[in-house]
Amino acid sequence: HAVSSNGLTPGMIYRYSRHLLLPDFGVEGQINLAKSSILVVGAGGLGSPVVLYLASCGIGCIGIVDSDIVELNNLHRQIIHPEAYVGHAKVKSAAAACRAINSSINLVEHNQALQASNALDIVSKYDIVVDATDNLPSRYMISDCCVVMNKPLISGAALGLEGQLTVYHHKGGPCYRCLFPTPPPTAACQRCSDSGVLGVVPGVIGCLQALEAIKVASGIGETLSGRMLIFDALSSRIRIVKIRGRSLQCFACGDNADFTQQSFQSFDYEGFTQSPMSDKARPKLSLI
Amino acid sequence: HAVSSNGLTPGMIYRYSRHLLLPDFGVEGQINLAKSSILVVGAGGLGSPVVLYLASCGIGCIGIVDSDIVELNNLHRQIIHPEAYVGHAKVKSAAAACRAINSSINLVEHNQALQASNALDIVSKYDIVVDATDNLPSRYMISDCCVVMNKPLISGAALGLEGQLTVYHHKGGPCYRCLFPTPPPTAACQRCSDSGVLGVVPGVIGCLQALEAIKVASGIGETLSGRMLIFDALSSRIRIVKIRGRSLQCFACGDNADFTQQSFQSFDYEGFTQSPMSDKARPKLSLI
Amino acid sequence: MRLTLEFGGGLDLLCQSVKIHHVDVTPNVENGKLTLRDLLSWVRTSLIKERPEMFMKGDSVRPGILVLVNDCDWELCGGHDTELEEKDVVVFISTLHGG
Amino acid sequence: MRLTLEFGGGLDLLCQSVKIHHVDVTPNVENGKLTLRDLLSWVRTSLIKERPEMFMKGDSVRPGILVLVNDCDWELCGGHDTELEEKDVVVFISTLHGG
Ligand SMILES: [Zn+2]
Ligand SMILES: [Zn+2]
């Protein structure tokens, strides 16, 4: 494909024409998307809309990391996976869906669980990280990794009929540990697989995560760094609240923090949170 | 499939287990979804997430009405359509995607433009209507049709970096004409195809439309009837504002309105709004 | 009287593409009050830089524009005669039709 | 002092599954003031019906709970010593981890 003088191929100009028309976005915004790479951690309820919208909008390279396989009881919310992929790796299914809607971007499948042991290596290849996981130790681990690798983190969560969203470690803003220096008691750590979730709730939060990632990648607009979006689906109420800034005493990003790549790799996230990263070992839920 | 005593088949209990776990939703909510039928008008930027989430959550019957064919420059926002369907009918592409993620629901393809002449017939077959169109005359037409057929209407819109969402004609609330008795000047009627739209913006609004439709169908929660959600993607700000109630003087739903099925069918929506329903006849946009 | 005015749905294009305006509007000299009617004419004179017909029609906003005072439709709080108070937030938003 | 209290992220389960509480809390008799510290102990005594350890730890909220006064993190407005005013909205929200 010949690249025109403005840096876009004729194919891109046609495909993304509705982006190029936007005065606030334009050719520069699209070129920034094409140049950027984003790692999405988790190809589940949040990850489904995140990777679909990142693929369709023209992010140059999208990495998807997940070790789970598609199960039929995921499909009520994980709209990226067709029934035909039940029993197959989620990253394979998600990447195939993205390739089908945009064959012009680069997709990387990381068919493994992101852990302190492999996270530095994987995260180093991307500009932006999206946390679309479903458990507490992964949330601390991903935030710490983004601090030591200096990557902005788009963090979303959904459970039941509620969702939350913010941007961490971006332009001097707080990291996850600045907000939550101490993990909650394990009794407060519910998962969708235990407590249920209305399928469209991670859909809403995932779309908003994709938007924040697109804004960080393109350099347009004002992100949710320093703010948190709180969504109550039952009453259709949304609060966007101002949260604390970076903590000078933060264990990970504070002024005197002694938290290095090495200390990250040896940190015991499951022990710290008293909570497992994977629910594979846990007893199966029996219903009704 | 054997239906258990609670009205759900074992297959449904497994597939929708994360919905059944929700105290506010539960078995009754899921049965209500399975019994309901929803018409989605438009399989474009808004319609893509709407039909995907309605299909995945288990709505019993989904109708999709659209006469457009998939074009490559739709794909930056219309995530339901794969490249392989470029040149094919949008309803075919959308229905195929829905069948792939949930083969247990009923999908109806209306491969035609919804107009005053066919709308009564089509809308009569559904319980709830979702307006996911892209033009002003269709918005008046769909609202009027929902008033004369007494159906709740989930209305979303997106343009540029902004979106809006509300529920019309539901539980005594206002209709579109209560809010907008007089159409705006045609110079104020921009379309995504003319003015551009950031792809993920209709994604966010479409997910929220699906949520409102699910709440109406399941009977849970508080919908946006009498309220309007106003979304500014550039600054990640969302307002949910209180809007006027039903107008007693409304041309369509007012106390003395003389607006019947017959007057609906003969109403000239394009003339009323001075604006076309389809942009097929309009000159092609040339970019850069 | 200090007010925050916001323009959405494309109306910001009429006032130099600025969405949020922190303004100080002088109340009516006779009674010290400021109504939405007064504010509309002030906006038209002081903020709208082009195509005023896209903002007003007669002495009201043009069809298709919602006016919100502190997140509430002006039709619910008195319309043109709504009396504004210090620090009120007034939003002018044009309805969107795209998708 | 009339306040609106909201509980989210599952904390509503601790107060009979009611998310929004319109309450009237008596200020401190000595100085007529009501701080967040006072409110926390009032909530623990008057609203929390079960598992108080899921709401408080020592004299603060348990880890993982954000406290917001009028949509602003209490860390930004004085923490425990924040003085509340009539009609303030205080939100207690537990962070979610699901996806
Ligand atoms: Zn930190
Ligand atoms: Zn009406």
Side-chain angles (χ1 to χ4, degrees), chain A residues 41-42 44-47 77 131-140 156-160 162-164 174 176 178-185 187-197 201-202 205-206 209 226-228 230-232 234-235 237 239-245 247 273 275, chain D residues 3-22 36 44 48-82 87-99:
Chain A
V41 189
L46 295 166
R77 70 182 188 280
D131 184 343
T133 61
D134 66 350
N135 65 84
L136 185 65
S138 292
R139 292 187 180 276
Y140 276 102
L159 188 79
E162 295 180 74
Q164 296 169 359
Y176 191 72
C178 293
L179 258 77
F180 306 109
T182 311
C189 298
Q190 300 169 311
R191 291 173 192 241
C192 299
S193 50
D194 298 342
S195 309
V197 61
V201 175
I205 298 295
Q209 280 184 284
R227 294 184 292 161
M228 182 180 281
I230 299 169
F231 175 48
D232 180 30
L234 198 62
S235 62
R237 295 190 315 133
R239 285 183 181 280
I240 294 164
V241 302
K242 195 164 163 24
I243 53 175
R244 65 198 75 174
S247 162
T273 59
S275 178
Chain D
L3 303 169
T4 301
L5 309 183
E6 293 192 24
F7 296 83
L11 295 179
D12 51 304
L13 298 176
L14 307 180
C15 28
Q16 297 170 302
S17 295
V18 177
K19 280 183 182 158
I20 302 180
H21 298 255
H22 299 284
L36 269 178
R44 180 173 175 153
I48 301 291
K49 297 299 177 194
E50 45 186 308
R51 291 184 293 161
E53 76 282 4
M54 293 300 289
F55 183 68
M56 288 186 76
K57 186 175 179 184
D59 64 351
S60 189
V61 291
R62 69 149 167 84
I65 293 182
L66 292 177
V67 182
L68 307 161
V69 181
N70 301 326
D71 287 346
C72 188
D73 192 337
W74 69 336
E75 291 281 326
L76 294 170
C77 53
H80 287 80
D81 299 322
T82 307
K87 292 189 184 176
D88 274 353
V89 178
V90 183
V91 176
F92 301 96
I93 193 141
S94 178
T95 178
L96 303 175
H97 322 112

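Here is the naming used below: chain letters follow the sequence lines, and residue numbers restart at 1 for every chain. Because only heavy atoms are used, hydrogens play no part in the values below, and waters and symmetry mates are left out as well, while side chains stay in.
- For A:R139, the part lying under 4.5 angstrom from a heavy atom of chain D is the side chain only.
- Contact annotation for residues 87-99 of chain D against chain A (heavy-atom separation below 4.5 Å, listed by residue number): D:V89, D:V91, D:I93, D:S94, D:T95, D:L96, D:H97, D:G98, D:G99.
- Between D:M54 and A:P185, the shortest heavy-atom contact is SD-CG, 4.4 Å.
- Below 4.5 Å, heavy atoms of chain A meet heavy atoms from D:K19, D:I20, all part of residues 14-22 of chain D.
- Rounding to the nearest 0.5 Å places CG of D:D73 at 9.0 Å from NZ of A:K242.
- With sequence neighbours excluded, the residues that form a side-chain hydrogen bond (donor to acceptor under 3.5 Å, both in side chains) with D:E6 are A:R237, A:R239.
- Heavy-atom distances place the side chain of A:I230, and not its backbone, under 4.5 Å from chain D.
- Contact of A:Y140 with chain D is not made at all, since no heavy-atom distance falls under 4.5 Å.
- Looking at A:T182, the atoms closer than 4.5 Å to chain D (heavy atoms on both sides) sit in the backbone and in the side chain alike.
- For a residue to count as touching a neighbouring chain, one of its non-hydrogen atoms must lie under 4.5 Å from one of that chain's; by this rule A:D232 touches chain D with the side chain only.
- Between the SG atom of D:C72 and the CZ atom of A:R244 there is a distance of 10.5 Å, given to the nearest 0.5 Å.
- The candidate with the highest count of non-hydrogen atom pairs below 4.5 Å against chain D, out of A:G42, A:P181, A:A157, is A:A157.
- With a 4.5 Å cut-off on non-hydrogen atoms, A:R77 touches chain D through its side chain but not through its backbone.
- Of residues 58-69 of chain D, those residues with a non-hydrogen atom less than 4.5 Å from any non-hydrogen atom of chain A are, in numerical order, D:R62, D:P63, D:G64, D:L66, D:L68.
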